[in-house]
Amino acid sequence: MTATPSTPEAGPAELHGPVLAWFEQNARDLPWRRPDAGAWGVMVSEFMLQQTPVSRVLPVYEQWLARWPRPADLAAEAPGEAVRAWGRLGYPRRALRLHGAAVAITERHGGDVPSDHAQLLALPGIGEYTAAAVASFAYGQRHAVLDTNVRRVFARSVTGVQYPPNATTAAERKLARALLPDDEPTAARWAAASMELGALVCTARNEDCSRCPIARRCAWRLAGKPAHDGPARRGQTYAGTDRQVRGRLLAVLREATAPVEQAALDAVWHEPVQRARALDGLVADGLVEPLEGGRYRLPEG
DNA sequence: TAACCGTGGGG
DNA sequence: TCCCCAAGGTT
């Protein structure tokens, strides 16, 4: 290291103002952001938004909250009803976990979504991101909320690379904490604002720097937007995998009102070994309940 | 840690 | 068409 050049690199404080002001003007009016959403609404939205786009979540979210306005309402249902109501959002284990979280909230927390980060983290289906998101968005707490959007915004604007690492690193957590505004309400708005910037402007592909409030200080843009060099980000295969078979099997069970015969499930996939493996996996995951005589249904207990 | 877990839309 | 990506979590 020779003489440290003074870089145009933004300090935390220089990012907060522009991003918060931008959010003020550009935040989407999403139902889980309305005051009446409550912590349960925020939590439901976070489960649904794990790996699923907002546009597809919206209608299911509305139906879900209308049917189960409180955790205890969902907890009183069979888990299979949650799986059915989940529809085609994908990753149906999330529905099961959301149901399990509702049961735990009803049993352990008097029916109220806990505000404590550690207690949130202890619920099924809630990991590092979701715990921070619920604590921040629902309860206004100060947490580093590191989702794929925020990680990309930080990777570009601060670190100067196109994409963040494949898995969240300690360096990213440290950076996120360093960038967090000191006071609680501002930190909570910052979390939502930086996430929204990544979702609307600093997108994975076709980012629109002309609309970015921190473009002038963005390390990646100032460096000429160098292309991602690291290892190729693993693509997810789907066609021909167990996941596809599981999806087909579950779709049949979701749409059925009565237990389904083995033959109806056999019809969804030609290859018997893979088909059986997929069905066994669904049963092992608790997404499917086997009955006597080779019949199956969504779980009732 | 890396693989697994669905589904659909946009470029 | 095909590929990439989408507010992750769990094992």
Side-chain angles (χ1 to χ4, degrees), chain A residues 27-28 30-33 37 41-61 83 86-98 100-101 120-138 143-153 162-170 172 176 188 191-200 202-208 228 231-254 268 274 277-278 280-282 284-288:
Chain A
R28 290 168 292 179
L30 300 170
W32 44 86
R33 285 181 179 161
V42 171
M43 183 174 143
V44 169
S45 77
E46 291 302 337
F47 270 75
M48 292 183 174
L49 288 164
Q50 290 168 2
Q51 302 287 282
T52 303
V54 166
S55 61
R56 286 175 43 213
V57 164
L58 284 169
V60 183
Y61 172 87
V83 174
W86 197 255
R88 306 188 68 78
L89 285 183
Y91 293 142
R93 293 193 291 196
R94 292 182 293 165
L96 224 44
R97 292 176 183 144
L98 180 51
L120 286 165
L121 200 53
L123 296 171
I126 294 192
E128 177 184 352
Y129 161 76
T130 304
V134 172
S136 181
F137 301 154
H143 292 282
V145 181
L146 262 187
D147 80 320
T148 186
N149 291 305
V150 175
R151 295 180 60 218
R152 188 174 54 249
V153 168
Q162 186 177 20
Y163 296 119
N166 230 317
T168 306
T169 63
E172 288 182 274
S194 52
M195 192 176 307
E196 190 79 333
L197 185 61
L200 298 183
C202 192
T203 47
R205 288 180 299 183
N206 302 117
E207 71 282 353
D208 187 356
H228 182 71
R233 302 145 85 230
R234 76 170 190 286
Q236 23 184 9
T237 53
Y238 181 66
T241 63
D242 287 5
R243 288 158 77 183
Q244 183 179 21
V245 186
R246 286 166 58 108
R248 289 194 185 182
L249 290 169
L250 208 56
V252 171
L253 292 162
R254 235 191 277 118
V268 307
Q274 186 178 26
R277 184 173 65 234
D280 286 348
L282 288 170
D285 287 347
L287 283 163
V288 171

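Note that the structure is a prediction, hence the values are computed from the model and not measured. Below, read A as the first sequence line, B as the second, and so on, with proteins coming before strands; counting in each chain starts at 1.
In this structure, M48(A) and W86(A) have side chains that are in contact, with non-hydrogen atoms separated by less than 4.5 Å. Residues L49(A) and W32(A) form a side-chain contact, since some pair of their non-hydrogen atoms from C-beta on lies under 4.5 Å apart.
Between the CG atom of L49(A) and the P atom of dC5(C) there is a distance of 19 Å, rounded to whole Å. The distance between atom CE of M48(A) and atom P of dT7(B), rounded to the nearest whole Å, is 15 Å. The separation between L58(A) atom CG and dG8(B) atom P is 16 Å, rounded to whole Å. Atom C1' of nucleotide dT7(B) and atom CH2 of W86(A) are separated by 12 Å, given to the nearest angstrom. Summarising the geometry, the separation between CG on L89(A) and C1' on dG6(B) is reported as 10 Å, rounded to the nearest angstrom. The distance from atom CD of Q51(A) to atom P of dG9(B) is 17 Å, rounded to the nearest whole Å. Rounded to whole Å, atom P of dG6(B) lies 11 Å from atom CG of L96(A). Per the geometry, CZ belonging to R254(A) stands 10 Å off C1' belonging to dT7(B), to the nearest Å.
Between R152(A) and dA6(C) there is a side-chain N or O to OP1 or OP2 distance below 4.0 Å. An OP1 or OP2 oxygen of dC5(B) is reached within less than 4.0 angstrom by no side-chain nitrogen or oxygen of T241(A). The phosphate of dT7(B) has neither OP1 nor OP2 within less than 4.0 Å of any side-chain N or O from R243(A).
Looking at the side chain of N206(A), the nearest of the listed nucleotides dG11(B), dT10(C), dG6(B) is dG11(B). Of the candidates dC5(C), dC5(B), dA7(C), dA7(C) carries the atom nearest the W32(A) side chain, counting heavy atoms from C-beta on. Closest to the side chain of V54(A), from the set dA7(C), dG6(B), dA6(C), is dA7(C). Listed nucleotides dC5(B), dG6(B), dA7(C) differ in distance to P92(A); the shortest reach to its side chain belongs to dG6(B). Side-chain proximity of L30(A) to dA6(C), dC5(B), dA7(C): nearest is dA7(C). Considering only side-chain atoms of R246(A), the nucleotide from dC5(B), dA7(C), dT7(B) that sits closest is dC5(B). In this structure, of dT7(B), dG8(C), dA7(C), it is dA7(C) that holds the atom nearest to the side chain of E46(A). Here the nucleotide nearest the side chain of Y91(A), chosen from dC5(B), dG9(C), dT7(B), is dC5(B). Closest contact between the side chain of R28(A) and the listed nucleotides dT7(B), dG8(C), dA7(C) involves dA7(C). Listed nucleotides dT10(C), dG10(B), dT7(B) differ in distance to R205(A); the shortest reach to its side chain belongs to dG10(B).
Straight-line distance between the C1' atoms of dA2(B) and dA7(C): roughly 22 Å, to the nearest whole Å. For the C1' atoms, the distance linking dT11(C) with dT1(B) amounts to 11 Å, nearest Å. Straight-line distance between the C1' atoms of dG6(B) and dA6(C): roughly 12 Å, to the nearest whole Å.
For the pairing with E46(A), the side-chain contact (heavy atoms from CB on, under 4.5 Å) check across D147(A), T130(A), L98(A) returns one residue only, T130(A). Checking each of V57(A), T52(A), I126(A) against F47(A) for a side-chain contact (heavy atoms from CB on, under 4.5 Å) leaves exactly one that passes, namely I126(A).
Heavy atoms of G90(A) sit under 4.0 angstrom from at least one base atom. T148(A) comes within 4.0 angstrom of sugar-phosphate atoms only, judged by non-hydrogen atoms across all strands, and of no base. Within 4.0 Å of E128(A), counting heavy atoms only, lie sugar-phosphate atoms of the nucleic acid but no base atom.
For dG6(B), the base has a donor-acceptor partner in the side chain of T52(A) [N/O atoms by modelled type, under 3.5 angstrom]. Between the side chain of R56(A) and the base of dT7(B) there is at least one donor-acceptor pair of N/O atoms closer than 3.5 Å.
Interatomic distance, R97(A) CZ to D285(A) CG, rounded to the nearest 0.5 Å: 8.0 Å. Rounded to the nearest 0.5 Å, atoms CZ (R152(A)) and CD (E207(A)) are 9.5 Å apart. For the atom pair L200(A) CG and M195(A) CE, the distance stands at 12.0 Å (nearest 0.5 Å).
Where D147(A) and L123(A) each meet DNA chain C at their nearest nucleotide, the meeting point lying more 5' is that of D147(A).
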